[in-house]
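Predicted, not measured: the structure shown is a model, and the values here were computed from it.
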Amino acid sequence: MSFDAPLPPYNASDPHASFLNSTCLDLLLIEIVPLAHRLANELSVTNEALDDEEEREAMFYRLESLGYRVGQGLVERFSRDRTRMVDTLDVIKFICKDLWTIVFRKQIDNLKTNHRGVYVLTDNTFRPFARMSSEAGGNAVARAQPFLWFPCGIVRGALANMGVNASVQAETTELPAATFKIETISKSAV
């Protein structure tokens with residue numbers, strides 16, 4: 001018999017409820033990029049070594065696909081108690097405030113839009129980059145780029161599950177900042 005107070009029942013849409021262990025997510029993000037690198041080389045169609053561009057493409061596809069599925073699952077879980085969002089800007093705000101808080105424990109620092117389907121999300125202290133060391137010569141930025149592909153997939157999967165067809169690209173010019181560019185794809189273009 002325990003004398004501890006029972007945990008309160010959390011609502012699935014409560015952004016302060018801890019359903020995702022942040023340490024496990026950090027460790028996953030640390031290990032998933034080297035795993036994708038190894039798998040890209042081991043599962044190549046030919047027995048020859050992949051060139052750099054083919055290897056990057058294989059890694060991008062694997063990491064972005066994994067993130068896509070995670071994003072879909074997170075939105076299924078955390079948006080089910082909400083009313084359906086029909087406006088794309090409301091969906092993007094949900095990503096910036098609620099989903100980002102659930103996954104990275106903070107909101108997006110800046111959201112810009114041109115009101116024509118392009119949204120730029122800026123996170124000045126992107127959590128997966130917080131512990132990365134920056135080496136002289138700018139090589140750290142290039143080495144950090146693959147760590148953005150999984151979060152790109154999370155955002156694209158979340159958007160797709162809320163009815164927004166979009167492409168998501170991410171870049172970093174200096175650590176620990178990250179910029180995500182979302183371009184919605186109109187239904188007539190598909």
Side-chain angles (χ1 to χ4, degrees), residues 9-22 25-26 28-29 32-33 60-130 132 141 144-190:
Y10 288 111
N11 187 349
S13 63
D14 181 12
H16 301 292
S18 179
F19 294 109
L20 179 69
N21 188 320
S22 61
L25 180 65
D26 288 344
L28 173 70
L29 289 175
I32 200 165
V33 172
F60 171 77
Y61 179 75
R62 181 170 303 279
L63 291 170
E64 206 268 347
S65 297
L66 288 170
Y68 183 86
R69 181 60 195 112
V70 169
Q72 284 183 321
L74 286 171
V75 166
E76 283 179 22
R77 168 92 188 223
F78 293 106
S79 69
R80 68 175 166 211
D81 293 337
R82 298 174 181 264
T83 59
R84 179 114 174 121
M85 294 174 251
V86 292
D87 186 31
T88 305
L89 185 59
D90 291 336
V91 172
I92 299 292
K93 286 180 182 177
F94 172 80
I95 298 288
C96 292
K97 292 179 181 178
D98 298 332
L99 186 68
W100 215 258
T101 302
I102 290 166
V103 177
F104 299 114
R105 297 286 180 231
K106 66 181 285 296
Q107 292 183 4
I108 283 287
D109 294 319
N110 194 358
L111 167 64
K112 294 180 183 175
T113 181
N114 67 355
H115 298 288
R116 292 187 189 104
V118 178
Y119 303 90
V120 178
L121 287 60
T122 305
D123 191 343
N124 294 325
T125 54
F126 188 54
R127 194 153 175 252
F129 290 169
M132 282 190 181
V141 171
Q145 189 67 33
F147 290 91
L148 290 171
W149 297 336
F150 184 77
C152 277
I154 291 176
V155 172
R156 194 173 71 85
L159 290 169
N161 213 16
M162 290 190 284
V164 177
N165 191 11
S167 67
V168 180
Q169 300 170 341
E171 66 179 14
T172 182
T173 54
E174 64 178 293
L175 297 179
T179 303
F180 293 83
K181 181 180 176 185
I182 300 170
E183 293 184 47
T184 58
I185 301 169
S186 64
K187 303 228 188 283
S188 61
V190 176

**OP:** May I have the step-by-step check of side-chain contact (heavy atoms from CB on, under 4.5 Å) for Ile32 and Leu66, ending in yes or no?
**Re:** CA-CA 10 Å; Ile32 200 165; Leu66 288 170; 3.7 Å; yes

Original post:
Val103 and Leu74: side-chain contact (heavy atoms from CB on, under 4.5 Å), yes or no, with the steps?
Top reply: CA-CA 9 Å; Val103 177; Leu74 286 171; 3.5 Å; yes

**OP:** Show the numbers, then the answer: is there a side-chain contact (heavy atoms from CB on, under 4.5 Å) between Phe78 and Ile102?
**Re:** CA-CA 9 Å; Phe78 293 106; Ile102 290 166; 3.4 Å; yes

Original post:
Can you check side-chain contact (heavy atoms from CB on, under 4.5 Å) on Thr172 and Phe126, steps first, answer last?
Top reply: CA-CA 10 Å; Thr172 182; Phe126 188 54; over 6 Å; no

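Within the 4.5 Å cutoff, no side-chain heavy atoms of Val141 are placed close to those of Thr173. Asn110 has its side chain out of reach of Leu121: every pair of non-hydrogen atoms, C-beta onward, lies at least 4.5 Å apart. Lys181 is listed as a side-chain neighbour of Val118, based on a closest heavy-atom distance under 4.5 Å.
Test Thr88, Ile182, Asn165, Ile154 against Leu159 for side chain to side chain contact (heavy atoms under 4.5 Å, CB included) and you get one pass: Ile182.
Using bins of under 30°, 30° to 60° and over 60° for the plane-to-plane angle, the ring pair Phe104/Trp100 lands in the tilted bin.
The pair Arg62-Glu64 does not meet the salt-bridge criterion, since no charged nitrogen lies less than 4.0 angstrom from a carboxylate oxygen.
Pairing each heavy atom of Phe180 with each of Ala178, the nearest pair is CE1-CB, 3.9 Å. Nearest heavy-atom pair, Ala158 versus Val75, reported as atom, atom and distance to 0.1 Å: CB-CG2, 3.2 Å. The two residues Ile95 and Met162 have their closest heavy-atom pair at CD1-CE, 3.7 Å. Taking both residues in full, the closest heavy atoms of Ala160 and Tyr68 are given as CB-OH, 3.3 Å, listed atom of the first, atom of the second, then distance. Here the closest non-hydrogen pair linking Asn124 and Asp109 is N-OD2, 2.6 Å. Closest approach of Ala144 to Leu175, counting heavy atoms only: CB-CD2, 3.8 Å.
The environment of CD in Glu76 is crowded: more than 12 heavy-atom neighbours from other residues, nucleotides or ligands sit within 6.0 Å.
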Listing, residues 145-152 side-chain donor-acceptor contacts under 3.5 Å, not counting sequence neighbours, or none:
unit_1, atom_1, unit_2, atom_2, d
Gln145, NE2, Ala170, O, 2.8

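The line from CD1 of Ile108 to OG1 of Thr179 is 9.0 Å long, rounded to the nearest 0.5 Å. Rounding to the nearest 0.5 Å places CG of Leu89 at 14.0 Å from CZ of Phe94. Note: Arg156 CZ to Asn161 CG = 12.0 Å, rounded to the nearest 0.5 Å.
Applying the salt bridge (charged side-chain N to carboxylate O under 4.0 Å, His left out) test to residues at least two apart or on different chains, the pairs with a partner in residues 112-130 are Asp26-Arg127, Lys106-Asp123.
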